[in-house]
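For reference, positions follow the sequence shown, starting with 1.
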Amino acid sequence: MKKKLLSLLLALSFVVSLTACGSSDTTGGTSDSASSDAVSDTSEGASSTAEEAEASAAEEGSDSGEFAGTITLGMIGPMTGSLAVYGTHVANGVNLAIEQINAAGGVIVGDETYELAVESKDDQGDSTECLNAMNALISDGIELVIGSATSGCTSSITSVANSEGVVLVTPSGTADALTTEMDYVFRTCFKDSFQGELAAQYAADEGYTKVGIVYCSADTYSAGLRDAFAAAAEELGLEVVAEESVATMTEVDYTNQFTKMVEAGAELVFIPFYYDVTGPYLVPQARSVGFDGILLGADGVDNTETTIPDGADLSVYNDFLFVNHYSTELATSDISTSFVESYEEAYGETPNNFDALGYDAVLVLKQAIESCGAFDADSVQAALADTSVVYEVSTGTFSFDDTGTPIKTGVLMGYSYTEGDDAVTKIAVTTLSLD
């Protein structure tokens, strides 16, 4: 794939937008006929149910002879390691969408139909591994990539996507700087500044006046959310009475930080971390030193219930809330309802936001391909850059802004425990909006 200079891209983008939708170019990431082996390099941690579904869909397309060829998407995420829950759930959503699209007849490109397949790479939650995965996909001729699941890993491959002219759609990379105007990087989630603003708005709406922040100063995701929350809190008249940081996202001792929250009189503390520390460490330790106020996280704490230690005092997880992209209880559109039903049938469990955002990434790419009649990166990029297009997906209805970020609402979720239960319950509280 020929490298493209970003300055040249900006100069030619208007020409591309005028011609892309009439294109029937079918170069890159394709094969001449459908095959049951179309899905390659499946990561070790991906769901076996998803693998079987993909293989079945590809085999059906091959046997029926309905498809002119295969459009292979790339996917990068943490399939192993401490953040594997993110990657495997994104993979579940991606694979379910591909199965459904193929079963419904595939992707219409001009006068022909193509099946979808995916080539998956495990980045292990590590930026270097993520970059290696991206380079491997590009070497294989992949021009449309979904990934990664985290902001840190995604930030390591955005410059490669832009310099090589590869469309990158991150389902859950929320850091503001990941997407910029008229480049090749898009996302199906909202961005951190919006998420942080929603959190601060909730605190103000509920009447809290003294808030605290505990975050990781060295992490792109955590620090970005801290900045957004702090800025919005100031605008809304909230007093940040205490702010403490840790050096890594894997810190296991938060007692000193929350002792200071208690001493400062914080009524609510914003905690932009991941689920692998909130479940076993942060929440129990905050309660152990006497903080009994609201713990308010962001989307990264979803799945905390999977990391609560056996024998833990489950009552400490009451009043632990988080801003999220999606809730099965609050999503009522036909697409959302159908997605939930299909997911539960395929995987035997209720989907979370990573499942939904991965699913949506495939739907967005399909719509862009069909709208411009091509699946080369330049044509798809031009289609996605059209901010007038409306996407109806599992997490709602949205259009992209001029940086490739959806304009959408959020939801407030949390955890609840009733004495006598054997587990905490994840609850949906309300829809969140800045309007």
Backbone N/O of [Y] and side chain of [X]: donor-acceptor pair under 3.5 Å:
X      : Y      : value
Asp253 : Thr255 : yes
Tyr208 : Asp205 : no
Asn162 : Thr158 : yes
Thr70  : Thr72  : no
Tyr114 : Phe375 : no
Thr405 : Asp401 : no
Ser379 : Ala374 : no
Ser156 : Ser127 : yes
Glu243 : Val214 : no
Arg226 : Ala230 : no

For residues [X] and [Y], is any side-chain donor paired with an opposing acceptor at under 3.5 Å?
X      : Y      : answer
Asp299 : Tyr275 : no
Thr304 : Thr278 : yes
Tyr254 : Glu244 : no
Ser151 : Thr154 : no
Tyr343 : Asn92  : yes

Exercise for the section: Report yes if the distance between the aromatic ring centroids of Tyr417 and Tyr415 is under 6.0 Å, otherwise no. Expected result: no

Practice task
For Asp276, check side-chain hydrogen bond (donor to acceptor under 3.5 Å, both in side chains) against everything at least two apart and list the hits.
Solution key: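 Scan of Asp276 (side-chain hydrogen bond (donor to acceptor under 3.5 Å, both in side chains), adjacent residues dropped) gives none.
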
Handout entry: Leu434 vs Gln201 side-chain heavy atoms within contact, under 4.5 Å
Key =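 Yes. Closest side-chain heavy atoms under 4.5 Å.
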
Practice task
Answer yes or no: is there a side-chain heavy-atom contact under 4.5 Å between Val364 and Phe186?
Solution key: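 No - every pair of side-chain heavy atoms lies 4.5 Å or more apart.
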
Take atom [atom1] of [X] as the centre, draw a 6.0 Å sphere, and report whether it contains more than 12 heavy atoms from other residues, nucleotides or ligands.
X      : atom1 : answer
Glu234 : CD    : no
Asp292 : CG    : no
Tyr281 : OH    : no

Problem - Stepwise ring-ring contact (aromatic ring centres under 6.0 Å, His included) check, Tyr221 with Tyr274 - result: CA-CA 10 Å; Tyr221 170 81; Tyr274 293 138; 5.0 Å; yes

Practice task
Evaluate side-chain contact (heavy atoms from CB on, under 4.5 Å) for Val145 paired with Met134, printing each intermediate quantity in order.
Solution key: CA-CA 8 Å; Val145 178; Met134 183 68 164; 4.3 Å; yes

Using distance only, find each side-chain donor-acceptor pair of residues 388-397 under 3.5 Å and give its atom names and separation, not counting sequence neighbours.
| from | atom 1 | to | atom 2 | distance (Å) |
| --- | --- | --- | --- | --- |
| Ser388 | OG | Asp386 | OD1 | 2.6 |
| Ser388 | OG | Asp386 | OD2 | 3.4 |
| Ser394 | OG | Ala356 | O | 3.4 |
| Ser394 | OG | Asp360 | OD1 | 2.7 |
| Ser394 | OG | Asp360 | OD2 | 3.4 |
| Thr395 | OG1 | Asp360 | OD2 | 2.6 |
| Thr395 | OG1 | Lys408 | NZ | 3.4 |

Problem - Check against salt bridge (charged side-chain N to carboxylate O under 4.0 Å, His left out), Arg287 and Asp313 - result: CA-CA 10 Å; Arg287 303 308 190 199; Asp313 177 3; over 6 Å; no

Practice task
First locate atom CZ of Phe354, then atom SG of Cys189, and finally report the distance between them rounded to the nearest 0.5 Å.
Solution key: 9.0 Å

